[in-house]
Every structure is written in structure tokens, then in C-alpha cells.
**Student:** 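Pasting in a structure now, in C-alpha cells, and then I'll have a few things to ask.
For clarity, every value in this text was computed on a predicted model and none was experimentally measured. When a ligand or atom number is given, it counts from 1 through the structure's own listing order.
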Amino acid sequence: METIGNGNGGTVRTRHVAVFAFPFASHPTHLLNLVRRLAAAAPTVLFSFFSTERTNRALFTKRGCDNILRYDVSDGIPEGYVMQGKIHEDINYFLGVAKEEFKSGVQVAEKEVGMKMSCLVSDAFLWFSADLAKELNIPWVALRTGGARSLSTHLYTDLIREKYSELKGSIGPNDEIANLIPGVESIRLADLPIGVIFGDLDSPFASMMHKMGRNLTRATTVAINSFQELDPDVTKNLSSLFNNFLNIGPSNLVSKHNSPSKPDEFSCISWLDNQNPGSVAYISFGTKFCPPPNELVAIAEALESTKTPFLWSINKDSQTHLPLGFVERTTANGSGKVVPWAPQVQVLDHIATGVFVTHGGWNSVLESIGSGVPMICRPLIGDQPINSWMVERVWGIGVWIEGGKFTKHETCCALEQVLSVDASSKGMKERIGVLKDLAHKAVGPNGSSTQNFKTLVDVITR
Ligand SMILES: *[C@@H]1O[C@H](CO)[C@@H](O)[C@H](O)[C@H]1NC(C)=O
Ligand SMILES: *[C@@H]1O[C@H](CO)[C@@H](O)[C@H](O)[C@H]1NC(C)=O
Ligand SMILES: *[C@@H]1O[C@H](CO)[C@@H](O)[C@H](O)[C@H]1NC(C)=O
């Protein structure tokens, strides 16, 4: 256990809040961004932020806020153990020790700071926080980093499983079921997050999601990175289920407290400045996941054959899978730019960007909405399929690549569909423009998310 800073910049501290991160993917970043926002709004509250050494090291590069302390907890991986590359191996090790690690961490922090915890804020995944908060006799605030619809699939997992076993034999993964979960008129079973009805339901990960779904109603408050105007029906349903359901996003639009974005070292923006408005396909699947090599080839072939200007953010290793001469040709004729990293929000906000080719991760969807850029989705894991379903079928602000995988033909069709100037593309742009306005309004001075955030501040300072 290690701390930095003394949490005492001369301010009198009235409350001590424990924060538990789920130390994988972008979860800790989002949680810390929220804590930074809370810390700025409630300067008399001291936050003790618990995560693994590896993630904390990346997050706390500089000394953060005066009132956020860093605490490291074990990742549960036995000393000298070499990862076997099994799915969720690191997550499983962590979950094996998480509850005890957080629990003893809280005792250390309380002793060092000289103040008992008054509130527990955690990633919603960490369902056992309900028990810890109860033991400590303090409120539990759960933060959900994904969307409301995918959350409802975890809340209604038992219901979905029941329905599925009733229908067993008569339906397959590619069948749709109507009105299974609130706000989703129909859903294809195969698009439910893994662990709801498909996959290894007894894996530690699936079991964590199931327990989250069962225990989340015990939270004093459930905060979510979304805005209620995006999903009014689900918001209504979840509000009836939770004590206090607060849409406080999109967090990308309240970026003041987010960790600073890296500079545009590959000059993406000046390249975009020379492109026609709405003409460029921006392609990025984030830093962690990537479609298989044959699909990268299909995208490249489609871009060249449709002569679509493109900005493609793809890491160096994956770049080796692109067709021979592709990068050189498109760089030379000025039609494209391949970079290992791009400042995504600025790229999406740029007038030249016409479509975002994405995996449909929640953050990417919110960023696309925040900039009003329609999407071509190729979901890879987790909640990406249900998000992509929403993008295409419910909100009508993009397309899910036909067949679920990039082929040259389907990629050409999707690019033409979104980038053309016909009615279908116009409708898409209009609809995402409406959502963009609602998103900005929600985080504006009198917006719903702004009000909800104030309520959240009240909860943690109470
Ligand atoms: C919380 O999750 C545990 C583990 O699945 C379960 O036994 C318990 O019933 C849940 N609590 C509530 C209130 O449902
Ligand atoms: C919420 O959705 C569930 C599952 O569809 C349903 O049983 C329940 O009645 C809904 N609640 C409200 C208040 O609409
Ligand atoms: C915000 O709401 C308050 C009270 O509800 C109102 O007086 C004020 O004019 C509103 N401001 C804006 C910018 O809408």
C-alpha cells in the first residue's frame, strides 16, 4: 500500500470517500475522471482512490488534485506467475482478492488520514461493494461506465434466461425476441453481452456481471455515463428500480476534468484541414482491440476502390497486416493518412469527418454523438453488439456492417450509404444532429445531467 500527497492542502476536510476501481480497460480512467470532477465540486471532501499499482502508475502521472489520494491494491497475480493468455485471466486473479484487498485498504486509508469513510463510490462491476458499504454503514454509489440499455441486460439477466429456457429449441442465436428488456423493442439474442445467456455462465466474469445485476438495487445511487434524453424509456424503467438513478454524462462533453489529451503529434488535424467537409472516414478500434487481419485488408481495399479519403488510427503491429503498398500509395496521392494514434475527439469534431468506423464501444458512441458524426459499427466484444444494435435499429444514426464482419463489398456499401448525399444518409445525419444537441444541452447550465451531477455531489457530501 502506498500513498502520495498528504491530502491536506490547508483545507479542512469534512468527509472521506473511498473509491474502488475495476482496474481493466478504460474503467479506471473514467472513474478517476469522475472523481476529479467531484473533487473540484466538493473541495472539502477527501477521496481515497484504490486501484492496482499498474493502473495507478499510468493514471497518476502528475500529482492530481489536492484532495485525491492514491492507494494501490494487489492485482492478485501470484509472484513470478507468467500469464497463459487465457481469456480474462488477469480479471479472474484480481476478482479472487479484490474484496479483501479493498477492505484492508480502507482500514489503512482511514488510519493514515485519521478519518472514517463516509461514502463508498465504486465501479458498478464491483458488486461486493454493496456488502462492504453495509458493513461500514455508509452509502454505496455505483458508477456505470457503459450505457443504460446494456445495463438493463444485466439487471434483467434472470428474466432473459427464463424466457430463453422457455423458448429453447424453437429459437436460435440469430432470432430476435420482442420486448424482452425495457426500451429495446427487439433484440437479437446473439447480441446480448457474453455471459447473459451465451458463453461460460459460471466464469468469474459472467458471475460478476450477474451479481452486479442482482445487487445494484442496493446502491444508494447509480450514476451512469449517459444522458437521459438518449434513452428516456430505459431511464424511466431503471429509475423505478433504483433508489436514485442519475445520468451524468456524456463525460466527454464535460472534459474540463478529464486527463489532458496528448498533443496531435501525427498532425491529423492539419491533414483534415485540407479535406472536403463531411468526406473523411475516420477509422479507429481503440488501443486494445482490433478486427482480424483479413478484415483490415477488406477495409483498405474498400477505401481505395471507393476513393474515400480516410484517417486511420491503428497501432504499428496491426499496420503490418495492411495490403502491400497501401500506406505508401494513399499517402503519396494524398487520399489517406495512417497513424498509430489520433486525438479522437478533435478528429470527430472536425468538419471534414463524415463517418466514424468504430467497434461501437460506449465511449466511442458517445463521442460520435457529441460530434454529430454517423457511425459504421463492427462490434468486437462486451456491450459493443448491443450498442451497435441501438445505433442502427433504434437511434438510426449509423449502420452495423452487414454480416457483422468487414468484407470489401459490405464495407464499400456501408461507406457509400453513410457518406453519400441521399435521403438515408441525410436522415442519419439529421437524427444524430438532434441527439448531439440534446447531449450538449444535458451538460449545459440547466441540463438534466448537470442537475443530476449536483444531486450526486449532495449524496457524497451528505
Ligand atoms: C447480491 O448478490 C448475491 C450473489 O449473487 C446474491 O446471493 C444476493 O441475493 C444479491 N443481493 C440481492 C439483494 O439480491
Ligand atoms: C421495467 O421493465 C421490466 C422488464 O421488462 C418490467 O417487468 C417492469 O414492469 C418495468 N417497470 C416499469 C416501471 O415500467
Ligand atoms: C435555468 O433555470 C433557472 C431556474 O429554473 C432559470 O431562472 C434560468 O433562466 C435558466 N437558465 C437558462 C440558461 O436556461
**Student:** Provide the number and element of each atom of ligand 2 under 4.0 Å from a heavy atom of Y156.
**Tutor:**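 What qualifies from ligand 2 is 1 (C), 2 (O), 3 (C), 4 (C).
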**Student:** About how many Å separate CG of L34 and CD1 of I248, when rounded to the nearest 0.5 Å?
**Tutor:**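 Output value for this atom pair is 4.5 Å.
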**Student:** Would the F198 and Y164 ring centres measure less than 6.0 Å apart?
**Tutor:**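 Yes, close enough.
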**Student:** Looking only at non-hydrogen atoms, which of N215, L216, T217 approaches atom 6 (C) of ligand 1 most closely?
**Tutor:**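 Going through N215, L216, T217 one by one, N215 has the nearest heavy atom to atom 6 (C) of ligand 1.
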**Student:** Using distance alone, determine whether R214 and ligand 1 share an N or O pair under 3.5 Å.
**Tutor:**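 Looking only at distances, the answer is yes, because the N/O contact criterion of under 3.5 Å is met.
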**Student:** Is the gap between the ring centers of F125 and F24 under 6.0 Å?
**Tutor:**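 Centroid distance F125-F24: not below 6.0 Å, so no.
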**Student:** If you take the nearest heavy atom of each of I160, D233, N237, which one is closest to atom 8 (C) of ligand 2?
**Tutor:**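 The nearest heavy atom belongs to N237.
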**Student:** Do we see a donor-acceptor contact under 3.5 Å between the side chains of Y71 and E53?
**Tutor:**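 Their side chains do not contain a donor-acceptor pair, so the 3.5 Å distance test is not met.
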**Student:** For Q344 and E367, which I'm curious about, is there any donor-acceptor pair between the side chains at under 3.5 Å?
**Tutor:**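 Yes, E367 and Q344 have a side-chain donor paired with an acceptor closer than 3.5 Å.
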**Student:** Identify, for atom 5 (O) of ligand 2, the protein heavy atom at the shortest distance, and state residue, atom and that distance.
**Tutor:**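 Checked against all protein heavy atoms, atom 5 (O) of ligand 2 sits closest to P182 CD, 3.6 Å.
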**Student:** Using a strict cut-off of 4.0 Å, indicate which atoms of ligand 1 neighbour a heavy atom of K211.
**Tutor:**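 The list of qualifying atoms is 4 (C), 5 (O).
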**Student:** Give a yes or no on whether atom 14 (O) of ligand 2 lies under 4.0 Å from any heavy atom of the protein.
**Tutor:**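 Yes, there is one.
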**Student:** Just which atoms of ligand 1 are under 4.0 Å from any heavy atom in R218?
**Tutor:**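 In order of numbering, the contacting atoms are 13 (C).
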**Student:** Would you say N452 and Q228 are linked by a side-chain donor-acceptor pair, where the criterion is simply a distance under 3.5 Å?
**Tutor:**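 Distance-only check passes for Q228 and N452.
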